[in-house]
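Quick notes on the structure that follows.
We use all heavy atoms of the structure for the numbers below, so side chains are in, but hydrogens, waters and symmetry mates are not.
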Amino acid sequence: MESSSEPTWIFPQENLDQLNKIIKEFHIHPITAQILVSRGVVSRDEIHDFLYSKLPDLYDPNLFLNMEKAVARILEAFEEQQTILVYGDNDVDGMTGTALLAEFFKRVGGKVHYYVPNQSVQRGRPLLDALDFAKKHHCKVMITVDCGITATKEIKEISGHGIDVIVTDHHEPTEKMPSCVAVLNPKIPNQTYPNRDLTGVGVAFKLAHAVANQLVAKKAVPPRKVDLKVYLDLVALGTIADMGVLLGENRILVRYGLKQLQKTKRMGLIKLFSVCGVERSELNTIDIASKIAPRMNSLGRVAEPRKGVEMLLVRDEKKAENLANELDLFNIQRQKIEQVVSIDVEQILGTTPEIFKNKAIVLSSEHWHPGVIPIVSARIAKQYNRPTIMIAIDNGVGKGSIRTIREFPLLPVLKKCSDLFISYGGHDFAAGLTLKQENIEAFTKRFIHAANSSLRETDILSKLYIDAPANFDALTYDLLASLELFEPYGNENPQPLLYCEAKQAWPPKVIGGMHLKLYLEQGDRMLEGIAFGMADKRALLRQRNLTLRIAYTPQINRFHNKSSIQLLIRDFQIID
């Protein structure tokens with residue numbers, strides 16, 4: 001199989017005037033200042049907001065277009081004791097937003113139920129699966145979370161049954177707006193809210209914030225009853241799991257949300273952390289993305305996603321433990337299904353090298369589980385640095401998951417192909433679609449043509465963006481403390497990536513069967529480096545006295561109550 005190419009290193013921009021000005025004005029480490037320059041954070045206000053923003057710097061929720069209409073209808077439901085149904089998407093973003101609104105409404109005296117659809121629900125008809133539930137429980141208001149922006153026909157039908165709908169979503173609108181009480185979405189036309197990058201749970205939090213402000217202003221509830229900080233754990237969890245951009249307001253929400261998670265009283269999360277082997281007091285974005293989110297998302301992929309919301313709201317310790325263990329088992333089931341699909345995909349790519357003559361990959365099969373194709377398509381897109389679509393076909397209908405690269409936003413292309421779809425939606429960099437099996441071939445041709453026409457050869461090369469040069473003598477605990485200013489790390493705000501040249505003190509060791517431990521020296525200092533997943537490169541490094549150019553992130557390694565600085569090696573180049 002054609003393997004993914006070695007990444008092209010993109011070296012940092014240098015601007016000595018800017019650099020010296022930042023060092024002088026903010027009294028920060030020169031390497032920290034260079035990272036800001038490399039990332040284009042250079043004006044005084046930008047730097048101050050990036051480094052020092054706090055909760056009071058969050059935007060007023062009433063800047064949202066349609067927020068007043070949404071709040072007015074919710075307060076009317078409270079006053080008249082009408083039941084509200086919160087309908088959430090079945091991923092972590094949807095689960096956390098659903099739990100947030102359900103818990104908040106109940107706390108301030110509202111009558112509320114929640115509903116999360118199964119993966120098996122025909123996604124061509126979202127929301128309607130909850131209509132019988134809504135009527136049975138006499139719900140007069142339905143609030144969508146992380147979904148609904150494209151469900152114009154379904155919302156019209158629900159409204160016809162005397163149920164008022166409020167849409168809260170963050171996906172790109174793809175056709176005309178739903179006709180309902182209010183649409184809260186940072187991406188709709190003429191939006192007045194400054195943060196376009198809120199996730200579904202972020203929008204739900206803004207709605208709760210606006211409702212709380214009104215209730216306090218009307219003296220309907222005392223301020224102590226609406227401490228919104230307690231919901232930031234949910235906001236952080238959903239934002240990280242949904243790959244929300246960790247810049248601006250999202251970064252504030254996640255930074256404070258992580259603190260809330262570290263001391264959360266949510267029994268289900270405490271038990272889930274224990275199952276995952278995560279130390280609550282040291283929880284970070286990587287733990288959530290790699291351990292917590294996959295277990296919760298497994299419910300939406302192979303099981304019953306309502307259990308995810310239950311786990312976030314449960315108070316009973318035994319029930320919480322059972323739910324956390326169930327999630328772990330479902331995750332193992334999801335991993336097995338995913339492995340079967342991955343092996344199949346690797347075989348297709350390995351035996352069909354002509355696929356790589358195109359700048360996009362489109363694959364379909366009647367043997368794939370639709371719940372795991374988002375994970376596999378994301379991995380293939382990253383591995384081969386190409387827009388990737390995987391379509392799982394069942395009973396003549398294909399459900400597709402699309403992931404792409406920065407240079408190829410999806411929605412303009414999908415809009416041009418919309419005549420072939422039953423439904424579609426998402427973001428510019430991750431989307432989903434449903435289409436009839438007979439339309440897959442035509443869609444494949446159009447999509448690949450679009451990619452081949454607009455992408456250059458350099459676009460599909462894997463790239464490694466370097467932030468700053470840093471020799472070993474610069475790697476101090478002071479520098480690492482300074483680099484903590486960039487946390488929390490995540491989408492669009494990766495861990496700082498530094499580079500330098502160093503000699504191998506002796507050949508590397510393979511650890512855990514897959515990883516390399518390197519022994520590097522520069523001058524009179526020697527440091528250990530860990531290169532995850534690079535055991536296959538050991539043969540290149542057996543020669544003595546090799547000089548390497550390394551791209552790395554410095555970290556503190558704590559072992560047996562001793563701490564030392566080690567290097568997380570992201571890539572290396574051998575210098576003759």
Side-chain angles (χ1 to χ4, degrees), residues 61-89 93-117 126-131 133-135 137-171 173 176-193 198-215 231 235 238 309 425:
N62 275 27
L63 292 172
F64 248 103
L65 196 63
N66 304 319
M67 183 62 86
E68 287 177 13
K69 292 178 193 167
V71 171
R73 182 63 188 91
I74 290 165
L75 292 188
E76 184 189 326
F78 288 173
E79 285 159 15
E80 297 185 11
Q81 283 294 289
Q82 294 173 347
T83 304
I84 296 171
L85 178 63
V86 181
Y87 180 105
D89 195 13
D93 194 19
M95 291 176 202
T96 48
T98 300
L100 189 157
L101 289 181
E103 184 173 282
F104 170 71
F105 289 159
K106 194 174 177 186
R107 182 164 177 77
V108 295
K111 291 173 73 175
V112 61
H113 288 287
Y114 62 85
Y115 187 99
V116 186
L127 308 184
L128 291 178
D129 54 305
L131 188 53
F133 181 94
K135 289 197 288 191
H137 293 89
H138 310 292
C139 300
K140 292 294 179 190
V141 180
M142 179 190 281
I143 302 175
T144 74
V145 175
D146 190 34
C147 59
I149 193 66
T150 59
T152 48
K153 290 176 190 166
E154 293 80 2
I155 286 170
K156 188 177 181 184
E157 193 170 326
I158 289 163
S159 301
H161 288 270
I163 299 168
D164 289 336
V165 180
I166 296 167
V167 170
T168 80
D169 201 350
H170 71 121
H171 296 96
K176 62 178 185 176
M177 286 293 119
S179 178
C180 57
V181 172
V183 175
L184 302 178
N185 184 328
K187 296 185 177 82
I188 60 174
N190 307 315
Q191 178 57 269
T192 45
Y193 194 76
L198 278 174
T199 57
V201 69
V203 180
F205 178 76
K206 289 290 162 180
L207 175 59
H209 191 179
V211 170
N213 286 350
Q214 272 297 309
L215 289 171
Y231 304 107
V235 180
V309 183

Can you pull the salt bridge (Lys or Arg N to Asp or Glu O under 4.0 Å) pairs that have at least one residue in residues 198-208, sequence neighbours excluded? K206-E249
Using the side-chain contact (heavy atoms from CB on, under 4.5 Å) criterion, which residues pair with N66? Sequence neighbours excluded. K69, A182, V183, L184, I188
In short, D93 meets G200 closest at the heavy-atom pair OD2-N, 2.8 Å
Within the structure provided, determine whether V165 and P178 are in side-chain contact (heavy-atom separation under 4.5 Å). no
Taking every heavy atom of V211 against every heavy atom of L75, the minimum-distance pair comes out as CG1-CD2, 4.2 Å
Considering non-hydrogen atoms only, spot the tightest contact between A102 and V86 and give its length. N-CG2, 4.4 Å
Measure the shortest side-chain to side-chain distance between I155 and S179 over non-hydrogen atoms and say whether it is less than 4.5 angstrom. no
Tell me which pairs pass side chain to side chain donor-acceptor pair (under 3.5 Å) where either residue lies in residues 95-113, with sequence neighbours left out. E103-R266
If we only count heavy atoms from C-beta on, is the L207 to F104 side-chain gap below 4.5 Å? no
Any residue meeting side-chain contact (heavy atoms from CB on, under 4.5 Å) with K156, in chain and number order, not counting sequence neighbours: none
Under 3.5 Å, side chain of D129 to main-chain N/O of L127, donor-acceptor pair present? yes
Mind checking what makes ring-ring contact (aromatic ring centres under 6.0 Å, His included) contact with Y193, not counting sequence neighbours? Y59, F64
Is a side-chain donor or acceptor of Y115 paired with a backbone partner of L85 at a separation under 3.5 angstrom? no
Can you see which heavy atom on K176 is nearest to which on T152, and at what distance? O-CG2, 3.0 Å
With a 4.5 Å limit on heavy-atom distance, are the side chains of F205 and V201 in contact? no
Using the side-chain hydrogen bond (donor to acceptor under 3.5 Å, both in side chains) criterion, which residues pair with E79? Sequence neighbours excluded. none
Kindly list each side-chain donor-acceptor pair under 3.5 angstrom involving residues 139-148, sequence neighbours excluded, with atom names and distances?
{"unit_1": "T144", "atom_1": "OG1", "unit_2": "C147", "atom_2": "O", "d": "2.7"}
{"unit_1": "T144", "atom_1": "OG1", "unit_2": "T168", "atom_2": "N", "d": "3.2"}
{"unit_1": "D146", "atom_1": "OD1", "unit_2": "H170", "atom_2": "NE2", "d": "3.0"}

Tell me, please, which residues at least two apart from N62 pass side-chain contact (heavy atoms from CB on, under 4.5 Å). D60, M67, E68, A210
What residues form a ring-ring contact (aromatic ring centres under 6.0 Å, His included) with Y114, not counting sequence neighbours? none
Can you name the residues that form a side-chain contact (heavy atoms from CB on, under 4.5 Å) with V181, not counting sequence neighbours? R73, D164, I166
Suppose we call two aromatic rings close when their centres sit under 6.0 Å apart. Are F78 and F105 close by that rule? yes
Heavy-atom nearest pair, I163 first then A134, reads CD1-CB, 3.8 Å
Sorted by chain and residue number, the salt bridge (charged side-chain N to carboxylate O under 4.0 Å, His left out) partners of E157 (sequence neighbours excluded) come out as R125
List the steps, then state whether side-chain contact (heavy atoms from CB on, under 4.5 Å) holds for I84 with I74. CA-CA 8 Å; I84 296 171; I74 290 165; 4.2 Å; yes
What's the spacing between D89 CG and D169 CG if we round to 0.5 Å? 8.0 Å
Results of ring-ring contact (aromatic ring centres under 6.0 Å, His included) for H171 - residues two or more places apart only: H427
Looking only at heavy atoms, the pair that brings Q191 and P186 closest together is CG-O, 3.5 Å
